[in-house]
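In what follows, every heavy atom counts, from backbone to side chain, and hydrogens, waters and symmetry copies are set aside. Since the structure is predicted, the reported quantities are computational estimates derived from the model, not experimental observations. Ligands are counted one by one from 1 in listed order, and the atoms in each one are counted from 1 as well.
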Amino acid sequence: MVGAGLLITGPAASWWPLAAEGDVNAWFAGHRTGPATAVTEWLTLVASTESIIGITLVCVVALVVLPRVPRWREAVFLGGSVAAQSALFLFITLCVERPRPDVPHLDPAPPTSSFPSGHVGASVALYGGLATLAVTRLRGPWRYAAAAVLLVVPPTVAFSRLYRGMHHPSDVVGGLVNGACTLLVIGYALLAPRRRPAPVPAGRESGPLPLARAAGSAVGGVRGVRRVVVVRHPLACTEKLAQQVHGVLVRHGCTDVRWTSTTAERPCGDLAAYTAAGRVDLVVVCGGDGTVRACADELSGSGTALAVVPCGTGNLLARNLGLPVKPAAALDRALSGDRVRIDVGRVSGDGIAPTRFTVMAGAGFDALMVRDASPQLKASLGWLAYVASAVRHLGDPPMRLSIRLDTGELLSRRARMVVIGNVGALQGGVPLLPDARPDSGRLEVVLLDPVGAAGWLAAAAHLLRGMTAGHFRRSGGRRGRVGTTGTVGMTGTAGTRGTAQAAGPSARRLVARGALEYFSAARVDIRFAGPQAREVDGDCAVEGTRLVAEVEPGALLVQLPRSRRSAATRPSRATDPALTGASETEAPALRSGPYPAPRIHTP
Ligand SMILES: Nc1ncnc2c1ncn2[C@@H]1O[C@H](COP(=O)(O)OP(=O)(O)OP(=O)(O)O)[C@@H](O)[C@H]1O
């Protein structure tokens with residue numbers, strides 16, 4: 001670009017068509033009209049420095065902060081493209097000196113060189129970036145219409161800069177090239193699909209699955225499993241996917257397979273009837289977090305394992321457990337892996353009959369966003385439906401609440417959102433609850449109470465830092481590693497429960513200028529001053545004034561891909577007193593149940 005600028009202002013200045021550029025500017029200046037001048041003033045405004053910075057910030061913050069929405073790659077892509085384009089623009093204008101066109105200017109002329117056009121470059125980076133995200137990250141045919149509207153902006157800005165006498169034609173071309181090249185490079189680096197490594201054959205260490213193997217699974221995989229029940233959410237799991245699931249099951253030797261479909265009233269279909277009849281070895285859940293939650297509620301405390309085929313909108317449990325994103329691949333890997341025990345939360349409240357959750361339960365902003373997301377928009381837009389819903393609640397007043405952690409004192413707080421989590425990562429690995437892990441025997445709690453724009457930005461920056469660092473801070477200063485397929489919040493060894501307990505309920509953390517406050521407890525009892533929207537694993541519950549959640553350590557058997565470090569080769573914390581510091585006589589109540597004893601959870 002610098003070379004092109006030096007050429008345009010040097011030897012090539014007298015060549016056609018550069019030599020005719022002055023005539024083009026003079027033609028525009030000679031054909032100005034009142035309405036056209038007003039329109040071009042608006043067009044210039046949409047690409048002004050203030051507009052570009054403001055719109056970029058709003059989009060980046062929305063992509064990062066909104067619960068269930070976050071897309072850090074997309075946020076970095078958009079913010080990075082705009083920033084990189086600006087840096088390049090400034091560098092080029094330092095190297096190339098070109099006076100503005102010799103016609104009356106309708107805007108104040110900044111002291112930068114006329115080559116290239118900053119307005120045009122910035123509008124390509126921002127509006128072109130948004131169009132890229134619309135086409136590549138949204139669903140439904142309308143995304144092309146949205147992209148087309150966004151892509152109209154840069155050429156119209158280019159026209160307005162010519163009309164207003166601010167740039168030569170080659171300047172606006174330079175701006176277009178500058179913005180487009182920046183988008184291409186950053187888009188390729190961040191958004192282009194990466195080739196995945198070939199699946200590792202069963203029996204080898206492959207995945208980032210760090211939980212200890214459960215009792216009764218001395219041999220990995222599901223050979224020997226007799227009866228499988230597949231619970232299928234028909235709206236989330238297409239016929240084609242159902243066939244793929246069937247194929248994967250057959251490949252893994254599961255021949256006695258029964259299918260049951262969910263309905264709005266029966267979110268796990270006929271699963272209860274199958275389990276009551278006995279002889280169910282494995283339940284395969286094809287759906288989102290809501291369907292998994294309903295099945296987990298049914299299976300918790302039993303010896304029947306659950307395998308997740310993530311095909312909902314959020315699929316947060318699958319993401320947190322490090323399952324592949326592709327549903328059939330997730331099942332394939334899981335069936336080649338191990339059975340592990342994970343915690344579930346038991347939640348209740350006024351109007352919420354006791355039930356279990358595997359991901360998060362919450363109230364306030366998060367619940368309102370879930371409640372008001374239109375099902376039609378979810379079907380066509382995916383996660384963006386939550387953005388539309390969230391925007392409506394950004395200005396809602398905060399809730400007044402009191403919270404009791406275990407048997408601790410009652411704490412009074414103000415918050416826009418409270419989330420109690422068994423796992424902690426949102427989409428894109430955003431660590432909403434950085435200390436949460438599904439085998440900790442604890443629940444983590446976060447209160448969000450940002451004050452003004454600075455508070456929102458501080459919260460966003462905090463979450464972004466945690467995400468880009470790729471590490472989760474442990475309550476005792478330990479760090480967990482983010483797994484290669486997105487496992488978050490779990491370390492390569494089993495159980496940090498002792499660490500969390502040592503910290504105790506009083507171990508609370510205030511970060512991001514007080515916008516985020518974290519707690520940890522085995523039991524959380526929250527009372528709201530007035531009725532609040534509540535949600536459990538992404539399904540909304542009736543408004544109410546109470547939310548009580550208690551952890552059930554190791555209550556759910558889950559079939560997961562094999563861990564990077566084979567569980568068979570490492571000592572189990574639960575069975576090795578040297579690791580647990582616990583004696584067999586201190587075994588948890590779950591051990592007396594009719595299913596295999598939890599191996600990683602000790603009191
Ligand atoms: N056949 C059906 N028709 C309509 N609603 C259904 C049907 N089956 C289940 N549901 C409802 O769907 C919800 C569960 O959906 P699920 O959470 O699995 O998918 P999702 O909302 O797209 O995904 P996620 O929770 O991962 O964002 C429950 O509220 C359940 O009542």
Name of the residue among D537, N422, D289 meeting side-chain hydrogen bond (donor to acceptor under 3.5 Å, both in side chains) with T358 | D537
Just which atoms of ligand 1 are under 4.0 Å from any heavy atom in L235?
-> 3 (N), 4 (C)
Relative to atom 11 (C) of ligand 1, which among R319, R232, H233, R266 owns the nearest non-hydrogen atom?
-> H233
Does R232 come within less than 4.0 Å of E239, counting only side-chain N to carboxylate O?
-> yes
Does a salt bridge link E444 with R509, judged by any charged N lying under 4.0 Å from a carboxylate O?
-> no
Should you measure from each heavy atom of G312, which atoms of ligand 1 turn up under 4.0 Å away?
-> 22 (O), 23 (O)
Under 4.0 Å from a heavy atom of T262: give me the atoms of ligand 1 that qualify, with their elements.
-> 1 (N), 2 (C), 7 (C), 8 (N), 9 (C)
Is a donor on one side and an acceptor on the other found under 3.5 Å between the side chain of R293 and the backbone of R356?
-> yes
Answer yes or no for P234: is there a heavy-atom contact with ligand 1 below 4.0 Å?
-> yes
Could you list the atoms of ligand 1 found under 4.0 angstrom from a heavy atom of N315?
-> 26 (O)
Is a side-chain donor or acceptor of N320 paired with a backbone partner of A425 at a separation under 3.5 angstrom?
-> yes
Between D539 and ligand 1, which part of the residue brings a heavy atom under 4.0 Å of the ligand: side chain, backbone, both or neither?
-> side chain
If we only count N/O pairs under 3.5 Å, is E265 in contact with ligand 1?
-> no
Is there any N or O on G290 that sits under 3.5 Å from an N or O of ligand 1?
-> yes
State which residue, out of R527, R546, R534, fulfils the side-chain hydrogen bond (donor to acceptor under 3.5 Å, both in side chains) condition with D350.
-> R534
Heavy atoms of other groups near H393 NE2, more than 12 under 6.0 Å | yes
Polar atom proximity, G288 to ligand 1 (N or O, under 3.5 Å) | yes
Donor-acceptor side-chain pairing of S389 and R371 below 3.5 angstrom | no
Give a yes/no on ligand 1: does A264 have at least one heavy atom closer than 4.0 angstrom to it?
-> yes
